[in-house]
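The analysis underlying the following values was restricted to heavy atoms, covering all of them including side chains, and did not include hydrogens, waters or symmetry mates. Within every chain, numbering begins at 1; the chains are lettered A, B, ... in the order of the sequence lines, protein sequences first and strands thereafter.
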Amino acid sequence: MLSSFLFGAWMLTVAAANAAEPTVALLHVEANEGTSSGGHVAIQFGKEVYHFQHREPGILHLERDTWSHFLHQYSRLGNRAITVHQLSFPKTSAQRVRDHFAALRIKQQRSLRDLVELEHTTSLLSAFLDTPGGTEHTGVRVAVSGFFAAADSASSQRWAGRGDLQERINVALEANHLSKASLREEAAHLRVAATHARSMSATGFAAAYDEIAAKWILLSIVEDGLQLSEDAIIQEETPLSERERQAVVRAITDQEEHLLALFSSRRFDQGEPLLIGIARVLALYKSLDDGRLTLLNAIPDEATTVEVDDRPWVVEALRSRAARSYQSTRASFFAATRAGVFDEAALTTLESAASRRAGLKRAIQTGAPLRVRSGMLIPSRAATWSNLPQPENISREDLEHVRSAASKARTEIEREWRYGLLDRNCATELLHQISAAAPTLPLQNKPLHFVPARTIETLRHAGLVTATHRIPSISEQLLPPDETLRARLSQSTTLTSAPYRRWSNPDDSAFLFFTTGTPLLRPLLGLVNLTYGLAHATIGVVTAPIDNGDRAISGLRGMIFSAPELIFVNIRKGSYVYVPHDPADWQ
Amino acid sequence: MKLWKPCAIAAALIVGGCSFSDSSGSLSDSVSSPFELASSLSSSGESSDTAYLDDVSDHARTIVASGGTVGDITAGLSRVARAHGITNWEAADATYLGFGRGLAKAGVGEAKLAHFQNALTDDSRHATLIATGFKGAIAR
């Protein structure tokens with residue numbers, strides 16, 4: 001009990017230090033071609049940044065990033081300068097405004113997930129109702145179940161300790177009255193009408209059915225002898241040291257304890273975490289048996305794929321970073337586990353790093369497309385299962401009812417979060433929400449407040465701006481310190497700039513001269529860029545049968561973004577597909 | 001001369017205003033470069049116990065303030081936890097501390113704290129952590 005107090009007090013102290021009255025700033029991101037060619041604005045609270053992005057199908061989506069991530073996205077990859085306007089809110093208002101944005105984001109996420117839940121329900125009902133007769137149904141994809149293989153008696157005896165785990169799980173299943181008969185009955189009685197009135201995102205029909213399916217598969221894999229699929233794991237080549245073996249034993253003990261406690265949880269969604277927990281314990285047992293660290297491959301099925309052939313230097317940089325990241329997370333995991341602190345997030349971080357490293361290695365070795373996904377990668381490999389229990393109390397009326405509910409939910413989201421280029425964009429909504437959070441602030445929209453570059457004027461007029469500084473774009477930061485004429489010239493064109501040739505974004509339009517740092521020469525260089533775009537577009541007409549018109553479109557876009565340069569206005573700055581996170585690697 | 005800049009900015013807006021994000025990725029996926037995805041630990045940066053605690057607190061505060069129940073809070077906790085690499089959130093102490101702090105920030109009185117403690121957990125240690133989070137926020 002004392003340790004709970006001490007741990008809680010320590011964590012709250014750290015959290016309180018982080019959450020102390022946040023420094024607030026309005027961030028103005030300069031224009032560039034591509035997305036947000038009119039510029040972008042965001043509000044920063046300490047390490048957090050909130051901003052509205054325009055998403056399909058025409059809605060404003062409230063994003064939250066860390067400051068470091070935001071900086072990397074916009075200043076480095078986007079090659080845009082960021083002007084930071086420090087704001088001084090009255091003491092309580094800063095926290096209130098921050099809490100308002102946090103709550104707004106949660107509210108929006110709930111609405112979007114409710115819609116996803118309704119669409120998932122529609123999909124399930126359609127599948128069930130199109131499978132007439134019988135109580136058994138074919139072809140439902142169940143998350144995480146792809147980590148398990150069919151019964152294999154020969155290998156099931158190979159993994160020491162697994163039999164004990166199976167026995168303990170069987171005891172837990174019995175104690176919690178979990179059986180296929182009970183699940184079949186639960187599925188049979190599952191009704192749309194009984195669930196649709198409750199929160200769709202949490203306890204709706206689809207969530208309830210997914211839970212039944214996950215538990216059904218859990219029972220199946222226990223019956224089959226807990227066999228992990230060999231192609232769903234990653235195994236290190238180097239052997240575990242004795243101390244690492246001891247840490248793995250400790251991790252197994254802790255993970256099993258948490259796993260068994262989960263069987264008697266009050267949670268409505270135990271199924272998926274149980275499957276993940278079992279797969280992880282099996283991977284750790286395999287580590288002991290084979291003497292090499294074995295982890296679940298966490299790259300999800302729906303990962304984006306990227307061709308790596310034409311960017312060997314980018315892939316090499318990624319490989320190097322992934323290797324460093326893996327070694328660092330591996331060392332942290334073993335250190336913490338040896339110290340008696342098994343932390344699930346640390347294991348997830350290690351799986352994520354191992355999976356990314358393995359994916360890059362494979363792509364480099366085989367030339368296969370690289371499968372990528374951002375964020376923490378929780379193992380989720382799905383598989384299609386037949387013979388799952390089927391709901392019996394569903395009808396076509398239910399399907400129509402849910403379809404109608406989904407349609408209404410979609411319409412409501414589109415209405416509530418509608419994007420408007422001039423009347424409701426990232427700038428106007430930011431000001432509106434600040435005003436809603438702190439109605440006593442004297443905010444009066446100034447002319448052109450919908451233009452991101454002018455948004456700050458409304459806050460300046462209210463006396464909230466205390467200081468302003470500018471963070472240069474990466475191109476500006478890459479200019480050599482000596483700034484010799486030769487160095488400047490080499491950085492001034494897309495053909496001679498070394499960083500641009502190495503990391504440029506293939507989606508950039510065709511242009512020759514960067515005009516950001518040359519305001520007086522801009523019309524002249526803009527004319528050259530316009531001509532260059534025209535030449536590209538002309539050649540593109542000829543090459544269209546080969547490149548699907550990509551070159552022609554790039555040339556046309558190049559002409560469009562050259563036009564403002566003729567009147568001294570720079571929008572296009574070039575952008576990058578990859579920039580090392582460590583500035584030491586930029587040159 | 002005074003007019004050219006607003007006109008140019010307006011022209012830029014017409015070309016396309018505000019940041020556009022491809023919604024084909026996950027809800028939290030705002031990474032602009034696919035290569036960046038290959039090395040990105042998280043679109044919202046590195047995770048930590050305190051970041052998770054903050055998110056649980058925000059989640060609990062928002063749900064309670066909008067009239068939601070403990071059931072509504074726990075229903076959403078799985079998603080909050082997943083973003084931080086946690087599936088078994090009942091085993092994470094930060095869950096209870098964040099829950100307690102969120103209740104305090106939502107204006108739940110001390111008299112109602114026991115109701116929320118009982119509704120979330122049977123474990124006295126976890127109940128203590130909720131109270132610790134609650135009192136820590138009140139003290140601030």
Side-chain angles (χ1 to χ4, degrees), chain A residues 4-5 7-8 11-12 14-16 18 31 35-38 40 53-56 63-66 68-69 73 77 102-103 106 199 202-203 258 262 265 269 273 276 304 306 314 318 321-322 344-345 348-349 356 370 372-376 378 421 425-426 448 451 453 564 567 569 571 577-578, chain B residues 4 6 8-9 11-13 15-21 23 25-45 47 49-50 53-54 58-59 62 65 72 74-76 78 82-88 90-94 97 125 128-129 132-133 136 140:
Chain A
S4 299
F5 272 122
F7 174 77
M11 191 177 270
L12 286 171
V14 174
N18 288 342
T35 69
S36 60
S37 46
H40 191 49
Q53 287 194 327
H54 175 200
R55 275 203 179 175
E56 293 292 354
E63 296 281 346
R64 183 190 64 178
D65 284 313
T66 58
S68 58
H69 183 258
Q73 288 299 304
L77 295 174
I106 291 167
S199 169
T203 51
H258 293 320
L262 192 56
S265 161
D269 56 349
I276 293 172
T304 307
V306 187
V314 172
L318 288 172
R321 185 170 180 231
E344 189 193 346
T348 305
T349 308
R356 290 198 167 101
L370 178 63
V372 292
R373 186 69 181 265
S374 74
M376 283 279 217
I378 289 184
L421 181 63
N425 61 21
C426 54
L448 290 173
V451 179
I567 54 167
V569 175
I571 293 176
V577 76
Y578 178 78
Chain B
W4 69 264
I9 292 166
L13 271 171
V15 173
C18 285
S19 204
F20 183 85
S21 174
S23 62
S26 71
L27 289 176
S28 63
D29 196 350
S30 63
V31 179
S32 60
S33 161
F35 284 104
E36 193 61 25
L37 297 171
S39 65
S40 152
L41 179 60
S42 167
S43 62
S44 56
S47 190
D49 274 352
T50 52
L53 190 155
D54 287 343
D58 282 336
H59 174 73
T62 304
D72 294 326
T74 56
S78 298
R82 281 186 77 92
H84 293 271
I86 296 167
T87 59
N88 191 357
E90 286 174 313
D93 288 352
L97 291 165
R125 184 174 165 275
T128 304
L129 286 168
T132 307
R140 283 172 56 210

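- With A:Glu344 contributing its side chain and B:Asn88 its backbone, the two residues share a donor-acceptor pair below 3.5 Å.
- A distance of 9.0 Å separates CZ of B:Arg82 from OG1 of A:Thr348, quoted to the nearest 0.5 Å.
- A:His258 and B:Ala91 get closest at one heavy-atom pair: ND1-CB, 3.5 Å.
- With a 4.5 Å cut-off on side-chain heavy atoms, A:Ile378 and B:Thr87 count as touching.
- Contact record, B:Ala83 with A:Met376: O-CG, 3.8 Å, taken as the closest heavy-atom pair.
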